[in-house]
Amino acid sequence: MAIIINLDVIMAMRKMSLTELANEVDLTLANLSILKNNKAKAIRFSTLEAICKALDCQPGDIIQYVEEEE
C-alpha cells in the first residue's frame with residue numbers, strides 16, 4: 001500500500017486512546033479502528049480536519065506516501 005496512516009503513532013504521542021478520539025471526533029470506534037489499521041479506502045476531509053483538530057497536528061503527520069516496491 002502506498003498510503004500509510006500513522007494515526008496510532010500520533011495518538012500515542014498525544015497519549016490519547018481510540019475511545020477518547022472517537023468521542024471527540026464523533027466517529028464510531030469501528031470506523032476509527034479501520035482508519036487506524038490502514039484498512040480504510042477513503043477519508044472525508046471533514047473527518048481528517050476533526051482528527052487534526054483533536055490531535056493538534058497536520059494532515060501530513062497522519063498520512064504518509066511510501067513508494068511501493070515493484
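Nothing fancy with the numbering, it's 1 onward along the sequence.
- Rounded to the nearest 0.5 angstrom, Met16 CE and Ile51 CD1 are separated by 11.0 Å.
- Scanning all heavy atoms of the two residues, the minimum distance from Leu7 to Leu32 falls at CD2-CD1, 3.9 Å.
- The shortest side-chain heavy-atom distance between Leu35 and Leu27 does not fall under the 4.5 Å cut-off.
- Atom-to-atom distance recorded for Ile62:CD1 and Ile4:CD1 is 14.0 Å, nearest 0.5 angstrom.
- The side-chain heavy atoms of Asp61 and Leu55, taken from C-beta on, include no pair separated by under 4.5 Å.
- Looking at every heavy atom in both residues, Cys52 comes nearest to Gln58 through SG-C, 3.7 Å.
- A pairwise comparison of heavy atoms in Ser17 and Met11 identifies C-CE, 3.6 Å as the closest pair.
- Counting only distance, with no hydrogens or angles, the side chain of Glu68 and the backbone of Ala2 share a donor-acceptor pair below 3.5 Å.
- Enclosure of atom CE in Met13 is not indicated, since only 12 or fewer non-hydrogen atoms of other residues, nucleotides or ligands lie within 6.0 angstrom.
- Within the 4.5 Å cutoff, side-chain heavy atoms of Ile63 are placed close to those of Leu48.
- Closest non-hydrogen pair, Asn31 versus Thr28, comes out as N-OG1, 3.1 Å.
- The two residues Arg14 and Asp56 have their closest heavy-atom pair at NH2-O, 2.9 Å.
- The main-chain N or O of Glu20 is never found under 3.5 Å from a side-chain atom of Asn23 such that the two would form a donor-acceptor pair.
- Under the side chain to side chain contact (heavy atoms under 4.5 Å, CB included) test applied with Leu29, the options Ile34, Leu18, Leu21 reduce to a single match, Leu18.
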